Q: 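Below: one structure in structure tokens.
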Amino acid sequence: MIDFNGKLLPDDTPLVTYTNRGLRYGDSVFETLRAVNGTLFFWEDHYLRLMASMRILRMEIPMHFTMEALEARMLAVLQENGLEGSAARIRLTVFRNEGGLYLPQTNTVSLLIEATAINAPFYQIEAGTYEVELFKDYYVNPDMLSNLKTNNKMLNVVGSIFAKENGYQNCLLLNTDKKVVEALNGNLFLVKGKTVVTPPLADGCLKGIIREKLITILQKWDGVEFNEASISPFELQKADELWVTNTIMGIKPVTKYRKREYGNVLAQELVGKLNAAARLAV
């Protein structure tokens, strides 16, 4: 079951017509979050990011889009799908309502909520190969629109196809200044010794929720130095660890980039701190 504009419907219900602005122009934003036993991880952070994204894109925020009301609707979707007692992935998609060409006829919006099961209730470091390569066919623009979680993801789609065709588990994206910005599906952290670096938002990376949580943890971690700084491709081959981070998988250590192989010692320590932060946030 899904929630579409407050109504619970079967998940095979046709919703989109050829005039849908999300379909025509990618005029849409979304949030993906993790739920465990009916508890939404970092929901306030996701909610504030969603509201900020809608404001930036000049979408009209309905009065009933309160944090409490949207939480209740997500919990109802979990219950209808039998996921209230397990781990789940929830996606909220907001798109501007139909009408107009590039210039909308309205700034009102529709909301779709969906939920699917995931395996692990808490974040963990999974074993196995996770090899990455640079994707250099197209580049990320270093601007505020790149910081938003919009449905304009063609770069990520084409990059994912490239990764699959070439046997990589992920690709790293460059911006127009040839700086490494992020992975196809998450933010990037680089470890050298006891120094951890992640690209700044000014370089065009997504303003990730887990990125923000890890920054807070790292800034308070004795013995670890944290910096937000641009990363060049050359630095990748000198690093001790590389991590890809997002809301669903938490921290995913990269095992190999070209001839360089990486460890995950600091990542193993950090994932426990992230799980503790998740528990405190609920």
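Values below: all heavy atoms of this structure, side chains included; hydrogens, waters and symmetry mates excluded. All values reported here derive from a predicted model rather than from experimental measurement.
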Q: So, Gln169 side chain and Glu131 main chain: donor-acceptor pair closer than 3.5 Å or not?
A: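 Looks like yes, one N/O pair under 3.5 Å.
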Q: Would you call Lys207 and Glu212 a salt bridge, using N to O less than 4.0 angstrom?
A: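 The answer is no: the pair does not qualify as a salt bridge.
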Q: In Å and rounded to the nearest 0.5 Å, what is the CD to CZ distance from Glu182 to Phe189?
A: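 Atom-to-atom, Glu182:CD and Phe189:CZ are 11.5 Å apart.
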Q: Is there a continuous path of hydrophobic side-chain contacts, each under 4.5 Å between heavy atoms, that joins Val140 to Val197?
A: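 No, because Val140 and Val197 fall into different hydrophobic clusters, even though each may have its own neighbours under 4.5 Å.
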Q: Look up atom CZ in Phe135 and atom CG in Leu155, then write down how far apart they are to the nearest 0.5 Å.
A: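 Reported value, rounded in 0.5 Å steps: 6.0 Å.
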Q: Report yes or no: do Arg55 and Ser53 form a side-chain donor-acceptor pair below 3.5 Å?
A: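 Result is no, nothing qualifies.
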Q: Check the side chains of Gln219 and Trp221 for a donor-acceptor pair under 3.5 angstrom, ignoring hydrogens and angles.
A: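 Note: Trp221 and Gln219 side chains miss the donor-acceptor criterion.
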Q: Would you find more than 12 non-hydrogen atoms of other residues, nucleotides or ligands less than 6.0 Å from Asp222 atom CG?
A: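 Counting other residues, nucleotides and ligands, CG of Asp222 stays at 12 neighbours or fewer.
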Q: Group every Ile, Leu, Val, Met, Phe, Trp and Tyr by side-chain heavy-atom contacts under 4.5 Å, then state whether Phe4 and Leu75 land in the same group.
A: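 The answer is no; the residues belong to distinct hydrophobic clusters.
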Q: Could you verify whether a donor N or O on one side chain and an acceptor N or O on the other, from Asn185 and Asn156, lie under 3.5 Å apart?
A: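 No, no side-chain donor-acceptor contact under 3.5 Å.
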Q: Suppose we screen for ring-ring contact (aromatic ring centres under 6.0 Å, His included). Which residues come up paired with Tyr102, at least two apart in sequence or across chains?
A: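 Tyr102 satisfies ring-ring contact (aromatic ring centres under 6.0 Å, His included) with Tyr25 once adjacent residues are dropped.
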Q: Do Leu173 and Val180 sit in the same hydrophobic cluster, where Ile, Leu, Val, Met, Phe, Trp and Tyr count as joined when their side-chain heavy atoms come under 4.5 Å apart?
A: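 No, Leu173 does not connect to Val180 through the hydrophobic network.
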Q: Is there a chain of hydrophobic side chains (I, L, V, M, F, W, Y, each step under 4.5 Å between heavy atoms) that links Tyr262 to Leu266?
A: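 Different clusters.
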Q: How far does CG of Asp143 sit from OG1 of Thr176, to the nearest 0.5 angstrom?
A: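 Asp143 CG to Thr176 OG1: 8.5 Å, rounded to 0.5 Å.
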Q: Under a 4.0 Å threshold between the charged nitrogen and the carboxylate oxygen, would Arg211 count as salt-bridged to Glu228?
A: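 Salt bridge between Glu228 and Arg211, a charged N being under 4.0 Å from a carboxylate O: yes.
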Q: Looking only at heavy atoms, what is the nearest atom pair of Val109 and Met59, with distance?
A: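 Minimum heavy-atom contact is CG1-CB, 3.8 Å.
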Q: Indicate the atoms forming the closest heavy-atom contact of Gly208 with Arg49, along with that distance.
A: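 Minimum heavy-atom contact is CA-NH1, 3.5 Å.
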Q: Step by step, would you call Tyr168 with Tyr130 a ring pair (Phe, Tyr, Trp, His ring centres under 6.0 Å)?
A: CA-CA 7 Å; Tyr168 301 114; Tyr130 201 76; over 10 Å; no
Q: Output the rest of the hydrophobic cluster of Val265: all Ile, Leu, Val, Met, Phe, Trp and Tyr residues reachable through side-chain heavy-atom contacts under 4.5 Å, sorted by chain and number.
A: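 When side chains under 4.5 Å apart are linked, Val265 ends up in no cluster with other residues.
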Q: Minimum heavy-atom separation for Ala87 and Ala120, please, with both atom names.
A: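 Looking at all heavy atoms of both residues, the closest pair is CB-O, 3.7 Å.
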Q: Evaluate the criterion side chain to side chain contact (heavy atoms under 4.5 Å, CB included) for residue pair Phe42 and Arg34; output intermediate values, then yes/no.
A: CA-CA 8 Å; Phe42 307 125; Arg34 172 186 278 258; over 6 Å; no
Q: Give a yes or no answer on whether the side chain of Asn107 reaches the backbone of Glu60 with a donor-acceptor pair at less than 3.5 Å.
A: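 It does not hold such a pair.
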Q: To the nearest 0.5 Å, what is the distance between CG on Asn151 and CG on Leu23?
A: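 So the CG of Asn151 and the CG of Leu23 are separated by 10.5 Å.
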Q: Got a second to check how far Thr13's OG1 is from Leu15's CG, nearest 0.5 Å?
A: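 The CG atom of Leu15 is 6.0 Å from OG1 of Thr13, to the nearest 0.5 Å.
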Q: Is it true that the side chains of Asn5 and Ser110 contain a donor and an acceptor less than 3.5 Å apart?
A: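 The answer is yes; a qualifying pair exists.
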Q: Hey, is the main chain of Ile248 close enough, under 3.5 Å, to the side chain of Asn246 for a donor-acceptor pair?
A: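 Yes, Asn246 side chain to Ile248 backbone: donor-acceptor pair under 3.5 Å.
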Q: So, for Gly26 and Asn152, which heavy atoms are closest and what is the spacing to 0.1 Å?
A: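 The pair with the smallest heavy-atom distance is O-ND2, 3.1 Å.
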Q: Within the distance-only criterion (no hydrogens, no angle test), does the side chain of Asn175 pair as donor or acceptor with the backbone N or O of Asp203 below 3.5 angstrom?
A: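 Judged by distance alone, yes, a pair lies under 3.5 Å.
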Q: Answer with yes or no whether the side chains of Asn97 and Thr108 bring together a donor and an acceptor at under 3.5 Å.
A: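 Indeed, the side chains of Thr108 and Asn97 share at least one donor-acceptor pair under 3.5 Å.
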Q: Would you name the heavy atoms of Val271 and Gln268 that are closest together and state the gap between them?
A: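 What the structure gives for the nearest pair is CG1-O, 3.3 Å.
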Q: With Leu92, which of Val77, Asp3, Leu33 fulfils side-chain contact (heavy atoms from CB on, under 4.5 Å)?
A: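 That would be Leu33.
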Q: For Phe226, what residues pass the ring-ring contact (aromatic ring centres under 6.0 Å, His included) criterion, not counting sequence neighbours?
A: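 Not a single residue meets the ring-ring contact (aromatic ring centres under 6.0 Å, His included) criterion with Phe226.
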Q: Test your reading of the model: is there a side-chain donor-acceptor pair from Tyr123 to the backbone of Ala278, 3.5 Å cut-off?
A: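 Absent.
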Q: Quick check on Asn119: does its CG atom have over 12 non-hydrogen neighbours (other residues, nucleotides or ligands) under 6.0 Å away?
A: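 Counting neighbours around CG of Asn119, 12 or fewer heavy atoms of other residues, nucleotides or ligands fall under 6.0 Å, so no.
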Q: Return the CE to CG distance between Met67 and Leu50, rounded to the nearest 0.5 Å.
A: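 The distance works out to 12.5 Å.
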Q: Linking I/L/V/M/F/W/Y whenever any side-chain heavy atoms sit under 4.5 Å apart, do Leu206 and Ile56 land together?
A: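 Result: no, two separate clusters.
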Q: Please name the residue in the list His46, Lys213, Arg89 that meets the side-chain contact (heavy atoms from CB on, under 4.5 Å) test with Thr247.
A: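 The option that passes is His46.
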Q: For Asp240, is there an ion pair with Lys194 - N to carboxylate O distance below 4.0 angstrom?
A: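 The answer is no: the pair does not qualify as a salt bridge.
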